[in-house]
Amino acid sequence: MVRRPTLHDVEVVDDDELDPNPAPSAAPARRRHRRALTAGAAVLAVLVTGAVAAQVVADRREDARIAAIAALPGAVAPLAGPPQVLWETARDRQFGVDARAADGTLVGVRASTEGPVLVVGRDPRTGDVVWEVELVDGTTRPAPDSVPGELVATSGACAGLPREEHQVVCLVHDGMAVVDDDGWQTVPSTVARVVLLDTRDGSVAADLSEALVPTSASALAVVGDLVLTTAGPGARVRAVTTDGARRWDLPAPGATTAEDAYVQATALDDLIAIVTPTVVRLVDATGRPVRDVPVPDGLAPSWWLDGVVLLVPEFDEGATDGTSVEARGGVVRPEGVVELTGDPVGVDLDDGSVPGLVLTSDGGALQGWGGDGRRLWSAAVAAPWGAILLDGRLHFTSGATLVTLDARTGEELWRSDATTTSVVTDGRHLLTLVEPTRGEAGPQLVALDPVDGSERWRSALPDGTDSLESYLHLLIAAAHDETTGTTRVRVLG
């Protein structure tokens, strides 16, 4: 019988006594061990590389999401951290800036009641005027002493062209307005121009004055690749391309001879809405009429963002407190008017995450409505000063509190006392103003996480700041002086 070896038969050898030149039979085992280590390292490298690549993709997607939100009307440029004051000026019709080109240049018609009509371009980082161009010589303006009342400059406006990096379009004229005991009176213009300006130097890239309607009270709008000019009572609406080709010419619907009649144009889904006090005419890009939508009695058109035409209640002229006749409103859809209960609430920024959502306020409750006019929810909060719709969350200031609701259900998600004014966003943060408390030096800018309201950072604002605003993607700290009636504007970045 063969005896099996036991533990006692095994000779234990110290490491120091190992043969430095092992027999050939040991080499394959060592090679297998090295191969296993190499394979493990390779797998680990693949996993790490994959994780890094996935994080890079996620970061790029997040950066793209933030950039897309920051590009929306009502948003400000993304902030990497607490901002500084870039420049400041006195407020004068939004400090003389009407439009922002895709290259960032700020452009506006300089307000003046006499002399030439100038358009200026400003550097958004410094506020410095980098160019100016005279478009109307002003010799046809009425003499100030020939018009009774106080003259007000209304010399035109400019608009950005989203598809053109270095161009804006401007409407300029020699008209103005007069404020007297009878209210606001328009002084008709005799000279008017529509031009494309190159924002690099202010030169005229094209003259589109053929687009002007034959009246002195023209307004300007850009919808897609069309430049639209509209006017007051009995006027027409004309559309041209940026190369000056006329696309269409239509009569303004429902226009009257009333002095306060107006005509405006805006995008509405894939259509163009021509808005008058009594009718909203929907046309396609070729000018083909699709539908006339009558404005219900007691309501008047208004809108807060491009692509939204809200109908708000007319005010009771006999009331001394500015209240409306009744709490009702509506919204114009491509298929017609959807009437709602409550006063419409403007949305300052809408990222489209809850399509068709409209807000109204009625009796201390905020209500959310779907595109079909069905009430989705009601929340017991005071009427907000505007709202932000971001990633399915509705952020707004109610009283002195920042409230966030689920925009689909109305469920409250969080609230913060870190606010005293309206809120703006850079796509990454909610930005709001906090007034100084006892022991604090002055007002502060607070950045909150939109998801849970947690504070990311805060920084000091200039003394006297009493409002935080977004204008042409600029973050503005404004300070109003009650004594002098003036407002200082500080641009932050």
Side-chain angles (χ1 to χ4, degrees), residues 66-80 83-112 116-136 153 155-173 193-209 211 219-229 240-244 306 349 424 426-427 469-478 489-493:
I66 292 171
I69 293 171
L72 294 173
V76 299
L79 296 175
Q84 304 295 321
V85 176
L86 301 179
W87 50 279
E88 65 177 275
T89 185
R91 168 169 286 165
D92 180 10
R93 200 171 60 86
Q94 288 296 0
F95 50 93
V97 174
D98 304 307
R100 185 170 188 167
D103 62 11
T105 306
L106 304 173
V107 182
V109 180
R110 179 168 288 171
S112 174
V117 178
L118 304 175
V119 174
V120 300
R122 295 180 181 271
D123 185 325
R125 298 293 301 177
T126 65
D128 293 337
V129 174
V130 293
W131 53 259
E132 66 179 30
V133 57
E134 178 183 314
L135 296 178
V136 175
S155 302
C158 299
L161 297 168
R163 301 178 186 179
E164 301 291 341
E165 183 178 5
H166 300 295
Q167 288 187 348
V168 295
V169 59
C170 295
L171 163 65
V172 293
H173 56 79
R193 298 180 69 189
V194 177
V195 297
L196 293 183
L197 296 181
D198 188 317
T199 54
R200 290 167 290 195
D201 58 10
S203 60
V204 176
D207 194 318
L208 308 181
S209 297
L220 179 73
V222 175
V223 179
D225 62 350
L226 295 178
V227 176
L228 308 179
T229 58
V240 299
T241 59
T242 54
D243 60 3
D306 289 343
L349 181 145
V424 299
D426 65 348
E469 306 167 10
S470 167
Y471 182 66
L472 297 177
H473 304 296
L474 300 174
L475 180 60
I476 294 173
V489 169
R490 280 96 171 188
V491 177
L492 310 179

Can any side-chain N or O of Arg100 pair as donor or acceptor with the backbone N or O of Leu106 at less than 3.5 Å? no
Indicate yes or no for a side-chain donor-acceptor contact from Trp131 to the backbone of Ser203 under 3.5 Å, with no hydrogens or angles considered. no
Donor-acceptor pair, Ser470 side chain versus Gly74 backbone, under 3.5 Å? yes
Looking only at heavy atoms, the pair that brings His473 and Ala71 closest together is CE1-O, 3.4 Å
Arg193 and Ser209 have their tightest heavy-atom pair at CA-OG, 3.4 Å
So which atom in Gly160 and which in Ala99 form the shortest heavy-atom distance, rounded to 0.1 Å? N-CB, 3.6 Å
Donor-acceptor pair, Arg122 side chain versus Asp128 backbone, under 3.5 Å? no
Using modelled atom types only, decide if a donor and an acceptor are shared between the side chain of Asp198 and the backbone of Val204 within a distance under 3.5 Å. no
Looking at OG1 of Thr199 and CG of Leu161, how far apart are the two atoms once the value is rounded to the nearest 0.5 Å? 9.5 Å
Return yes if some donor-acceptor pair links the side-chain N/O of Tyr471 with the main-chain N/O of Val97 below 3.5 Å, else return no. yes
CD1 on Ile476 to CG on Leu492, rounded to 0.5 Å: 8.5 Å
Here the gap from Asp225 atom CG to Arg163 atom CZ, rounded to the nearest 0.5 Å, amounts to 5.0 Å
Thr229 side chain reached by Val194 side chain, heavy atoms, under 4.5 Å: yes
What heavy-atom pair brings Val107 and Cys170 nearest, and what distance separates the two atoms? CG1-SG, 4.3 Å
Just one of Leu171, Asp207, Val195 clears the side chain to side chain contact (heavy atoms under 4.5 Å, CB included) bar with Leu135, so which one? Val195
Find the distance between CZ (Arg125) and CG (Leu474) and round it off to the nearest 0.5 Å. 10.0 Å
Among side-chain atoms of His166 and Asp103, is any donor-acceptor pair under 3.5 angstrom? yes
Kindly compute the distance separating CG (Leu208) from OG1 (Thr241), expressed to the nearest 0.5 Å. 8.0 Å
Heavy atoms, side chains only, cut-off 4.5 Å: are Leu228 and Leu220 in contact? no
Are Val169 and Val222 side-chain neighbours, meaning at least one heavy-atom pair lies under 4.5 Å? yes
Please check: side-chain N/O of Asp426 versus main-chain N/O of Leu79, any donor-acceptor pairing under 3.5 Å? yes
Nearest heavy-atom contact between Ala75 and Leu349 is CB-CD1, 3.3 Å
Gap between atom CG of Leu196 and atom CD of Glu164 - 0.5 Å precision: 8.0 Å
Shortest non-hydrogen contact from Val109 to Cys158? CG2-SG, 4.0 Å
Under the criterion side chain to side chain contact (heavy atoms under 4.5 Å, CB included), I'd like the reasoning laid out for Val424 against Leu475: C-alpha separation, chi angles, the key distance, then a yes or no. CA-CA 8 Å; Val424 299; Leu475 180 60; 3.9 Å; yes
